[in-house]
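All remarks here apply to the structure that follows.
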Amino acid sequence: MTWARLAFRLQPSSIGFAALVCLALAGAAFWLTADMRSVLEACGTPDEAKACQVIYAFQDTHMNAVYLTQTGIGLAAYGIPLVLGVPILTREIEHKTAMIAWPLAGSRLKWLAWRVLPVLVVALVLIGVMAYAADQLAQAYFPHNDIGFDRHGSRGFSLVTRSTLMLAAAVLLGAAIGRLLPALLIGIALAGGISTAMDAALPHWASSAELTGLETEIYGPGPLRTGGQYRLADGSLISAQEGEILVQELYEQNGGEEPDPALLPQQVMYGIATERYGEVLMRESAVVLGAALLAGGVAAVVVQRRRPE
Amino acid sequence: MFAQLRLAWRMQRWELGLLIGSGLVLTAVALALPSLGEAGIGDQRMIVLFLTVAGPVLMGSVLGIGIVAGDVELGTARIAWSLTGSRFRWIWLRLWPIALVGAVIGVLLGAASARLMDLTSPSDIFTFQMRGPVVGFHFVIAVAIAMLVGSVVRRVLPGLLVALAMTAGAFVAEGVLLQSWLQGQVELVAFAERTAEPILAVLAHEFATIAADGSLVVSQPECVTQAECMRAYEAMTPVMLVVPGDAYWPLLAFESALAVGTVAVSMLGTTAITRRWGPR
């Protein structure tokens, strides 16, 4: 517990803020999860709710609260590492204590490890609780489906890895810039960049293929949908836009009535199937954690080389 | 005047540089988006408008917190405040260059976002907060709130977090208050009779019937089956509940008064607190 006490004494406001935000969001997520699951307890009885039957079980009753909580968790996944990581070095440099602490420590790397590791552990515990709560919330919102890629990045292990990368990047920013407020501002822009890059990279962690069965639905949880086309009766493929025009023309030719199903082009959805989520998660996590290690390594090099002022 | 601007630059060059740089980049993006046609009226437009609302709050809080909390935390307040003589004067000398630079950037950005939004019909009640001089006023309000919070909290990071929460909360509360005021300004306009006259906000789309005196009355059709409802709706007039453009000027006057009032309260409050608590 000594390291935890030391970490708290050095950054009481950052850790206090992180604990407050993470635990409040986790609490809200757990409460909503329990509330939604309690509705399903009546399933199978004469008084069963509508939620027992439909895919979007809680859209009418819990959507706004769930969306707000998930948005908060998504923001905290980047905001908390930023608030915890940036001050570690900037405070020492701005307050000139690095001029004493670094020579006294002997090894700057050892000093950095002692400063960063306790904060990393505290961050992982708090973010881990929040990530687990977010995962439970996402599963409770779609109780009849495997949620697969739904809310990927803002729940479960993917949230933890992204936050770890953000924390390492925040420490690096603090080391490179050496001033708290500018590093925070640049960190906010960097967080936007990391989030966008992660989302853009997601479809590339596994090859996209034609989806089958229930996964061909355009909306809903499960697979990661990357695009759609239409298949004609002769088996050739046309674009989604061309397909929609063709369907409209067939309806018009038929005087607004439904045409012969054999003539209608069939919609084909492409994407990564739900069952491959684990594979994608593993690949992404390996790259993200590798990037976090790299950022930590660069931060160590910067601390070794920079002047303590 | 230039000496004080130079002093502000020397003391907060990173923050001011980021404010000017990001403000000009965002303004340029807002100006460039319309030339992209359809491509510029999607997510990119929403991101620019979101940053036009969130940017002044963030940058204003970051710059404002440094005025008192930054000096106290770094220990420079002891010398600076003693040398200036009047605490009020020192705070004013630190505040106005930041407020001026931010207000100029905010007005430029507000003009660019107004041009961007005029390309599409106004659709949101909060539209006015994303355009025109209001963007600059919001920056000044954020600076003033952060300065006052900094004089109480006296540490940069906790102060910044509190200031951000307070400013965001204040603007949300202001939006809710103004929403109820705007509801009172609503006029009913037949969709087909919409002219080029400016509209501040479109609150809702409804269906109306024409009363005996020729006026429009919002109503719901009395029908059971889908076919009956379709026929009933066809017989009615599609209308919009709009806030007319004239309502913009009272709003602008309110926003400017709010900015001046917040600065005055913040200046007096900060002066009183720093006098009482000293530079520690």
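So you know, we letter chains A, B, ... as the sequences are listed, proteins then strands, and number each from 1. When reading the values below, keep in mind they use all heavy atoms of this one structure, side chains included, and skip hydrogens, waters and symmetry mates.
- Counting non-hydrogen atoms of neighbouring residues, nucleotides and ligands closer than 6.0 angstrom, the CH2 atom of Trp111(A) exceeds 12 such neighbours.
- Residues Arg91(A) and Leu157(B) have side chains in contact (heavy-atom distance under 4.5 Å, counting atoms from C-beta outward).
- More than 12 non-hydrogen atoms from other residues, nucleotides or ligands lie less than 6.0 angstrom from OH of Tyr251(A).
- With a threshold of 4.5 angstrom between heavy atoms, Leu63(B) does not approach chain A through any atom at all.
- At most 12 non-hydrogen atoms from other residues, nucleotides or ligands lie less than 6.0 angstrom from CD of Gln220(B).
- Across Val62(B) and Leu181(A), no two heavy atoms sit closer than the pair O-CD1, 3.5 Å.
- For a residue to count as touching a neighbouring chain, one of its non-hydrogen atoms must lie under 4.5 Å from one of that chain's; by this rule Leu18(B) touches chain A with the side chain only.
- A pairwise comparison of heavy atoms in Met11(B) and Arg179(A) identifies O-NH2, 4.0 Å as the closest pair.
- Within a 6.0 Å sphere centred on CE of Met198(A), heavy atoms belonging to other residues, nucleotides or ligands number more than 12.
- Summarising the local packing, CZ of Phe50(B) is surrounded by 12 or fewer heavy atoms from other residues, nucleotides or ligands at distances under 6.0 Å.
- If you measure heavy-atom distances from Val83(A) to chain B, the contacts under 4.5 Å come from both the backbone and the side chain.
- Within the 4.5 Å cutoff, the side chain of Met59(B) has heavy atoms near those of the Leu185(A) side chain.
- For Leu74(B), the CG atom counts as densely surrounded, since its 6.0 Å shell holds more than 12 non-hydrogen atoms of other residues, nucleotides or ligands.
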